[in-house]
Engineer: 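Dropping the structure in here first, questions after.
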2 protein chains.
Amino acid sequence: MRKIKGSRRPEILDAALAVAAEDGIDALTMRTVAARIGVTPMAIYGYFRNKDELLDALVGRILADVTPPPGNLSWSETILGLAVEVRAVARRYPAVFPLLFTRPAVHPSAILIVDRLFDALLRAGVEPAQVPRVERMISTFVLGYAVSEVGGRFAEGSLDTRSRRAQLAPDQLPGHRAVAEQLDAPVDWDAEFRADLEGLLAVVTGPGAPGRRQPADLPAPTG
Amino acid sequence: MRKIKGSRRPEILDAALAVAAEDGIDALTMRTVAARIGVTPMAIYGYFRNKDELLDALVGRILADVTPPPGNLSWSETILGLAVEVRAVARRYPAVFPLLFTRPAVHPSAILIVDRLFDALLRAGVEPAQVPRVERMISTFVLGYAVSEVGGRFAEGSLDTRSRRAQLAPDQLPGHRAVAEQLDAPVDWDAEFRADLEGLLAVVTGPGAPGRRQPADLPAPTG
DNA sequence: ACCTGAACACCGTTCAAGT
DNA sequence: ACCTGAACACCGTTCAAGT
């Protein structure tokens, strides 16, 4: 594997990102990526052992786009800022972002983000023993929400649409019936994401939360 | 598409599940699935328009394995029970479960689960206007956690392991340094999942939560 | 050190044909 | 109604060879 200075690895990863952006993840093949930088498919094997390793590196490349917030922010502003950044990156690379959920977060860029979260949670007064757990909880929610949005899991649909899909009469979906009006209303995803996050931060640091040590600067919920 | 009685669709889906369980998602091809039920690859196209439609149906098949809790449980027992079931199903089908996050939840089995969640949240006193949002929050966390576990995203690793991966000195990861002892300790994933969920339920229904209407039977956190 | 070219064992899918 | 068989345009990847 050539990892020397002047390696074309970044060039290849950018080409992969471009191919996926234009034609989707299925179009991202060794052959299309190679063609985009004007080489033969086999040339890529000089930089990545195989396609799997290329996709792993792509995960690192995507997370490298998450610009960390400045160091002088409060713990809650830091976490919210990182979350908003991650979600913005998901929207920037919708076709490939779901890869983040299937491949281990072992890249330098991922570890740097986790480190900022650890630090912010400690400043929030979370007990060190609870910090890794809370970090997993927050990053799971943030990644999950971002992937759900870009992957189409948050399919909207009226009561009628949903009961048709379920092949059931509306009466057999009492929960849906009770909130039918809400299912017709458009969703403000930005506001929902923020409200959810603020709720999450409240639970991990709020009064009575397990692993809580001292008061913190949690903002009032705005949702 | 043959959707008549006596269709072999269930047989095909079970074969797909078996192939993935034995040899992984990459081995799940039209050809291997066909071979497993003793037909030619082209026979499958009589039941599914293409591979994508087969995978979509597989998502429904997986969720159909989630046995809904009995109707006489409290709202919190209902939600916890569903969550535990979903996580159990993820562990049953680790190779294919991540598909749930990439494909819209429009299958009858998915809608039935959502309906139970809607109902439980209403019983918890969540305002109808907030119910769909809270449902998305909970299901995003539950699915995200389950996928992270089976997909290996929750890679454990000591401070040393992580700083090596990050290609950084431990000093450049102050957050990790501060919780280094925790990174060496083994994680009780069952307990963590439960503690996280109870925290989540507390935030959506606890005192001061947005969309709260009346007291509810939230259990005390056990984590 | 870096890249090419031919080849191999696979894919998903179309089309025409069989019973 | 259900399935087969041959064929097509792709894949990822190996190997040997070029400069």
Side-chain angles (χ1 to χ4, degrees), chain A residues 1-62 95-96 98-99 102-104 151-152, chain B residues 1-61 95-96 98-99 102-104 151:
Chain A
M1 217 54 39
R2 292 155 217 157
K3 292 190 181 185
I4 54 159
K5 220 176 71 162
S7 162
R8 297 182 74 176
R9 284 169 60 108
E11 188 185 352
I12 294 169
L13 294 176
D14 284 342
L17 244 24
V19 167
E22 286 173 20
D23 300 314
I25 185 87
D26 289 343
L28 168 38
T29 72
M30 299 302 263
R31 293 166 132 96
T32 55
V33 171
R36 181 165 269 261
I37 62 169
V39 298
T40 268
M42 282 314 300
I44 297 182
Y45 288 83
Y47 302 93
F48 301 94
R49 219 179 303 277
N50 50 40
K51 189 182 180 182
D52 246 47
E53 220 196 44
L54 192 161
L55 292 180
D56 280 342
L58 202 56
V59 166
R61 166 66 183 78
I62 292 165
V96 285
L99 289 175
T102 3
R103 287 157 192 277
Chain B
M1 217 55 37
R2 291 154 218 158
K3 293 190 178 181
I4 55 158
K5 222 176 73 165
S7 164
R8 299 182 73 177
R9 283 171 61 109
E11 189 184 352
I12 295 169
L13 294 177
D14 284 342
L17 244 25
V19 168
E22 285 173 22
D23 300 314
I25 184 87
D26 289 344
L28 168 38
T29 71
M30 300 302 265
R31 294 167 132 96
T32 55
V33 172
R36 181 165 268 262
I37 63 170
V39 297
T40 269
M42 282 314 301
I44 297 182
Y45 288 84
Y47 302 92
F48 301 94
R49 219 180 303 278
N50 50 41
K51 190 182 180 183
D52 246 47
E53 220 196 44
L54 192 161
L55 292 179
D56 281 341
L58 202 58
V59 166
R61 166 68 183 77
V96 285
L99 288 176
T102 0
R103 286 155 194 278

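Letters A, B, ... mirror the listed sequences (proteins, then strands); counts begin at 1.
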Engineer: According to the Watson-Crick and G-U wobble definitions, with both distances under 3.5 Å, which nucleotide is paired to C/dT4?
Structural biologist: D/dA16
Engineer: Does D/dC3 have OP1 or OP2 under 4.0 Å away from a side-chain N or O of B/Arg8?
Structural biologist: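 Checking D/dC3 against B/Arg8, a side-chain N or O does come within under 4.0 Å of OP1 or OP2.
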Engineer: Rounding to a whole Å, what distance do you find between B/Asp26:CG and D/dC11:P?
Structural biologist: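 The distance from CG of B/Asp26 to P of D/dC11 comes to 16 Å, rounded to the nearest Å.
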Engineer: Are B/Met30 and B/Leu54 packed together at the side-chain level, in the sense that at least one heavy-atom pair is separated by less than 4.5 angstrom?
Structural biologist: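 Yes, at least one pair of side-chain atoms sits under 4.5 Å.
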Engineer: Please state how far atom CZ in A/Arg49 lies from atom P in D/dT14, giving the value in whole angstrom units.
Structural biologist: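 After rounding, the gap between these two atoms is 11 Å.
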Engineer: Looking at every non-hydrogen atom in both residues, tell me the closest pair between B/Val39 and B/Arg8 and how far apart they are.
Structural biologist: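 Heavy atoms of B/Val39 and B/Arg8 come nearest at CG1-NH1, 3.8 Å.
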Engineer: Measure from the side chain of B/Thr29, starting at C-beta and using heavy atoms only, and say which of D/dC11, C/dT4, C/dG12 lies closest.
Structural biologist: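 Closest nucleotide among those given: C/dG12.
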Engineer: If pairing requires Watson-Crick or G-U wobble contacts with both distances under 3.5 Å, which nucleotide is the partner of D/dC10?
Structural biologist: none
Engineer: Out of A/Asp23, A/Leu55, A/Leu17, which one pairs with A/Leu28 under the side-chain contact (heavy atoms from CB on, under 4.5 Å) rule?
Structural biologist: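 Running side-chain contact (heavy atoms from CB on, under 4.5 Å) over A/Asp23, A/Leu55, A/Leu17 with A/Leu28 returns exactly one hit, A/Leu55.
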Engineer: Out of D/dT4, C/dA7, C/dC11, which has the shortest distance to the side chain of B/Thr32?
Structural biologist: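 Selected nucleotide (nearest to the side chain): C/dC11.
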Engineer: Is there a side-chain contact between A/Asp52 and A/Arg103 (heavy atoms, below 4.5 Å)?
Structural biologist: yes
Engineer: Just to be sure I understand the rule, does B/Met30 reach a base, reach only the sugar-phosphate, or reach nothing, if contact means heavy atoms closer than 4.0 Å?
Structural biologist: sugar-phosphate
Engineer: Nearest nucleotide by nearest heavy atom, which residue falls closer to the 5' end of DNA chain C, A/Arg31 or A/Gly38?
Structural biologist: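 Nearer the 5' end of the strand: A/Gly38.
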Engineer: Between P on D/dC11 and CG on A/Leu28, what's the gap in Å once rounded to a whole number?
Structural biologist: 11 Å
Engineer: Just N and O in the side chain of B/Thr40: are any of them under 4.0 Å from OP1 or OP2 of D/dC3?
Structural biologist: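 Negative; the distance criterion is not met.
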Engineer: How long is the line joining NZ of B/Lys51 and C1' of D/dC10, in whole Å?
Structural biologist: 14 Å
Engineer: Within less than 4.0 Å of OP1 or OP2 of D/dT14, is there a side-chain N or O belonging to A/Tyr45?
Structural biologist: no
Engineer: For A/Asn50 and C/dC10, what is the distance between atoms CG and P respectively, to the nearest whole Å?
Structural biologist: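 Checked: the CG to P distance equals 18 Å.
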Engineer: Nearest to the side chain of B/Pro41 - C/dT4, C/dT13, D/dT13?
Structural biologist: C/dT13
Engineer: Any side-chain N or O of B/Tyr47 under 4.0 Å from OP1/OP2 of D/dC3?
Structural biologist: yes
Engineer: Could you check how far CD of A/Glu53 sits from C1' of D/dG12, rounded to whole Å?
Structural biologist: 15 Å
Engineer: Do you know the tightest heavy-atom contact between A/Ala95 and A/Gly24?
Structural biologist: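 Heavy-atom minimum between the residues: CB-CA, 4.4 Å.
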Engineer: Using the side-chain heavy atoms of B/Met42, tell me which of these nucleotides is nearest: D/dC11, C/dT4, D/dA6.
Structural biologist: D/dA6
Engineer: Just how far, in rounded Å, is C1' of C/dT13 from CG of B/Asp52?
Structural biologist: 13 Å
Engineer: Calculate the interatomic distance between A/Ile44 atom CD1 and C/dC3 atom P; express it in whole Å.
Structural biologist: 10 Å
